[in-house]
Protein chains: 4
Amino acid sequence: MARTDTVEEEATAATATAAARRGPGRKRDEATRHAILRAAYETLEAEGYGGFTIEAVAARSGAAKTTIYRWWPSKGALAIDSFLDLYQREAPFPQTRSASEDLKANLRLMAKIWGGRYGCIIAGIIAAGQSDAATIELYNERLVKPRREEGLRLLQRGIANGEFRPDIDIEAALDALYGAFYGRLLAWLEPLDPAWAERLCDTVLRGLMV
Amino acid sequence: MARTDTVEEEATAATATAAARRGPGRKRDEATRHAILRAAYETLEAEGYGGFTIEAVAARSGAAKTTIYRWWPSKGALAIDSFLDLYQREAPFPQTRSASEDLKANLRLMAKIWGGRYGCIIAGIIAAGQSDAATIELYNERLVKPRREEGLRLLQRGIANGEFRPDIDIEAALDALYGAFYGRLLAWLEPLDPAWAERLCDTVLRGLMV
Amino acid sequence: MARTDTVEEEATAATATAAARRGPGRKRDEATRHAILRAAYETLEAEGYGGFTIEAVAARSGAAKTTIYRWWPSKGALAIDSFLDLYQREAPFPQTRSASEDLKANLRLMAKIWGGRYGCIIAGIIAAGQSDAATIELYNERLVKPRREEGLRLLQRGIANGEFRPDIDIEAALDALYGAFYGRLLAWLEPLDPAWAERLCDTVLRGLMV
Amino acid sequence: MARTDTVEEEATAATATAAARRGPGRKRDEATRHAILRAAYETLEAEGYGGFTIEAVAARSGAAKTTIYRWWPSKGALAIDSFLDLYQREAPFPQTRSASEDLKANLRLMAKIWGGRYGCIIAGIIAAGQSDAATIELYNERLVKPRREEGLRLLQRGIANGEFRPDIDIEAALDALYGAFYGRLLAWLEPLDPAWAERLCDTVLRGLMV
DNA sequence: TAGTAAACGAGACGGTACGTCATGTCTTTAT
DNA sequence: ATAAAGACATGACGTACCGTCTCGTTTACTA
C-alpha cells in the first residue's frame, strides 16, 4: 500500500535522506545497505557492543569502511539502525483492553524483550550515547519518543474512561514506569522479566500510601 | 567519628588491600594516591568521561601509568573512587521527619545532585560499566546498594508508622522511584531538578488509579 | 606552419587516438579536455606534485573522474600533457651560432626553465615515473628524446665544423651535460641558474686534464 | 676504539638521539630496531619502493606501526636507514693510485652498484624525496655529501699532483660526473655499467674541444 | 527523423594505506 | 619494594585517494 511505503521511507529517511535525491550518479546499493545492517546486527549479537566495531562490521559485511562512514555518522547510529526494525516488530503497543490492562501488557512485553537478547544491545547503545550526543539523540528520536507518545495516549485514555485520576502527572508517571527498566538494565543489573513488570505496574498504579 | 572512619576504610579497602599488608619494602605513597584521585576527578570534570583516560590522568597527576594500574583495576574503578567521597558528603539521607517527607527530601536532593556536575560523571561511569563488569559492580556496591538499603529502611519505617500500605512491593517501589533518574539522565536527556523529583514522588506515592 | 602542426598532432595523438575513429557517438568535448589540462597544470603549480591528485584535478576542472581516466592512463601522463605545450614553447633549441655557443645558450636556457616554476613539476613527474613505467616512458618519449636528438645533432655539427674532436663519445658527453641537471634538481637540491650552466658547459668542453 | 664509536653514534644519532638520554624508562629494544631495518630492506628488495609501506614493514618485522613512527619520521627516512649500512660497505672510495685512475675506479664501482639491486631503491628514495623534504635532505646528508666531499678531495689531489688543470671548476666537474648517473637512472632509463662509467670519465677528463 | 553509440556529470563502491590514539604489558633506572 | 619514565604490541579510529562501476543526460553520426 502506498501509505505504508511512505511511512517506511520516512523511517529510513533519518539516515538515508539521499534516497530521495534525484539526479545523476550511481544509486545507493540496497543490497550493500542490507548486508551492512545485517552484519551490524550479527556483530552486536555475537560480540556485544564492546566488539561492535566499524572494522568488524565492514569485514563481516564485505563492504568497505568508507561505505559505512558515508551512510552512518557514527557507530551508535549504525547499531540503532541495525536492530530497530527487528525491535519495532517485536514490540507492538497493545490498544485493545482497558488502559491498565494494556499498560500491564505493554510493560510485560517490554520486560520480556529487554530481558532477552536485545537488552545488552540497548545497554550498549545507551552507553555509547553518553559520549556521542548524536547517538543518544537518535535513540531518543527513533525508540523513545514514539513509545512515550503511545504511553501518553494510553494514560490519557485511562483518564478519559475513568480508570485513572484526572489530576495525575503523566510525565512523572511515565518516568516512574519506564525509568525502572533503565535502572535495572544499566545500573542495578537486576533481571527484567514479565513478573517483575507486573509488580511494578501494580505498585505504580495503586501507589504507596494507605 | 567512628562511623565515618569505618566507611572511609572500607572504601579504601576495596581497591587498596595492599595498604594493610606488612612486610619489607617501600610503603604506598599516600601523596601519589591523592594526586591521582584528584587528577582523576579534575579530568572527569574538565573533559567529561570521553576524555577520561588513564593516560590523561597519569599526565595530569604526574604519576606513571603503571602506578595507576597497580592500584586500580580499571578506568571505571578509578573514576568511581575519584568522586565517591565528594558525592557521599553531598548526599546525606534524611531521617528526621515522616517517611514520605523524608523520601521527598531525599529525591529532591538527589535530583539536585544528579542534575548538577555529578550527573555526567555518573552517566559516564554507568556507560563504562556496560562494557566492564567490574566497574558496574563496583558502582553498585559502593553507590547503589548502601542507598537502596536506606530506601528500603525508609519504606519499612513508613509501613510501620502507618503512612504506607503494608502490602506494597518495596523493590518495585524503589525501582520506580529511583529508576526514573536513570531514564532521564541516560536516555531521555530530560533535566533533573527538585521540582520534578517532587512530582515524581507524589505520583508514585498516590498512584494513578482513582 | 606545417611543422608545428605536425608536432601538435603527434603530441595529441599519444593520448587521443580515439579522435580519428569514425562512427556514431558524441565527439570528445574539447572544452572539457582543455579544462582538465588547465586544472591539472594549475594544481601542479598550486599544490606541487604531492597535491596533484586525480580527485583534485576533477574537482578543479569540474570534470568527472571517469572522464579523466577515459583519456589519460595515469596521473603522470596527465601531468606531462598538462605542462608539455607550455614547456615546449619556452625551450627552443638554438641553431644559429657555433656549436659550442649554441650548446652554452641551450644549457643556459634550460637552467633558467628548470630553475623556475617548471623545475618542481618536472621533479614530480620523474618521481611519479619511478613507480609508474608508463609515465617515465612518456616523459622520455615526449621530452627527453627529441631534445637529446637535437643535442646529438649539435655535437655532430661541432665535430663537422672542427670545433670538437672527432673521437668524442657523444652519448657520454650528453650524459654529463644534461645529467648534471637531474642531479641538482632531484637529489642535491642545488639551484639551477644560467651562470652555473655556463660553468658546467665550459668544464665539460675543456675537460679536466692539463 | 673510542673514535670509531663516536662516529658510529653520530651516524645513528640522526634517528636515535634518545640513545644518549639517561634516566628511568625502558631502553630502546635493539632487537626490534634491527628487525624493523631488516624488514624494511627486505620489503624494498622484494616489492620495490611502490610496495614499501609502513604497514608492510610493520607486518614483516612483527613490530607495531607506532614503534616505527616513534623512531623514523617518514617512510623515506626508514628506507634510507635500512639500506645505508649495506650500501656504505659496498662502496668504498679508492685512494691509492693516480687521481684520474681513482676517479675512474670510483665511477666504475658506482655504476656497478647503481646498476644492480640498489639502483631501484635509490630511485625510489629520491622519488619519495620529491614530495617529502625531510627524506631528500636526509639522503643528501647521509649519502651525497660524504661522497661529494671525497670527490672534492680527489679532484684537489689531482690538481696538486699536476694531473688536472688548476683552474677547473670543481663543483661543475662533480655535477657533470655524478649527475650523469641520476639522469640515466631516473629519467632516461639507460643501463648503468662500468664500461659506460669509463667512457663518461674519459669524456669529462679530456673534454670535448679539440 | 529515428535509432544508437559514445561522452559526460555525478557519485557509490571495494579497497589500501595513512598517521593517530588509547590500552595494558613490560623493562629499566632511581629512590 | 615502589615509583617514574617510557618502549612496545595491539587494534580501532576516521580520512584521503585510488580505480572501477553504474546511472541518467546530452550530443552527433548513421540508417
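Nothing here was measured: the structure is a model prediction, and the numbers come from that model.
Summarising the geometry, the separation between CH2 on A:Trp72 and C1' on E:dC13 is reported as 13 Å, rounded to the nearest angstrom. The distance from atom CD of A:Glu55 to atom C1' of F:dT15 is 12 Å, rounded to the nearest whole Å. In this structure, D:Arg60 places its CZ atom 13 Å from P of E:dA17, rounding to the nearest Å. The CZ-C1' distance, from A:Arg28 to E:dG14, rounds to 15 Å in whole Å. Spacing between atom CD1 of A:Ile54 and atom P of E:dG15 amounts to 17 Å, rounded to whole angstrom units. In this structure, the CG atom of C:Asp29 is 11 Å from the C1' atom of F:dT26, given to the nearest Å. Rounded to whole Å, the distance from OH on C:Tyr69 to P on F:dG19 is 4 Å. Atom CD of D:Glu30 is separated from atom P of E:dT28 by 13 Å (rounded to the nearest Å).
Each of B:Ile36 and D:Gly62 was assigned the nucleotide of DNA chain F with the nearest heavy atom; the assignment lying further toward the 5' end belongs to B:Ile36. With the nearest nucleotide of DNA chain E identified for both D:Thr53 and C:Ser61, C:Ser61 has the one nearer the 5' end. Each of D:Gly51 and B:Thr66 lies near DNA chain E, and the nucleotide nearest D:Gly51 is the one positioned closer to the 5' end.
The two residues A:Ala63 and A:Thr32 make their nearest non-hydrogen contact at CB-CG2, 4.3 Å. For the residue pair C:Phe52 and C:Lys75, the shortest heavy atom distance occurs at O-NZ, 3.1 Å.
Atom CD1 of C:Ile36 and atom OG1 of C:Thr43 lie 11.5 Å apart (nearest 0.5 Å).
In this model, the phosphate group of E:dG14 is approached by a side-chain N or O of A:Thr32 to a distance below 4.0 Å at OP1 or OP2. For the pair C:Thr67 and E:dG9, the criterion of a side-chain N or O lying under 4.0 Å from OP1 or OP2 is met. Residue C:Trp71 places at least one side-chain N or O under 4.0 Å from the OP1 or OP2 atom of E:dC8. In this model, the phosphate group of F:dG24 is approached by a side-chain N or O of A:Lys27 to a distance below 4.0 Å at OP1 or OP2. C:Arg26 has no side-chain polar atom (N or O) that falls below the 4.0 Å cut-off from OP1 or OP2 of F:dC29.
Comparing F:dT10, F:dA12, E:dG9 by their closest approach to the side chain of C:Ala64 singles out E:dG9. Checking F:dC8, F:dA3, E:dG19 against the side-chain heavy atoms of B:Arg70 singles out F:dA3 as nearest. Listed candidates were F:dT10, E:dA7, E:dT20. Nearest to the side chain of D:Lys65 is E:dT20.
In this structure, A:Ala56 reaches neither bases nor backbone, as no heavy-atom distance under 4.0 Å exists between it and the strands shown.
Cation-pi check for A:Arg33 over A:Trp71 is not met; the charged atom does not lie both under 6.0 angstrom from the ring centroid and within 45 degrees of its normal.
Results of the side-chain contact (heavy atoms from CB on, under 4.5 Å) test with D:Ser82 over D:Leu37, D:Val57, D:Ile125 single out D:Leu37 as the only residue that passes.
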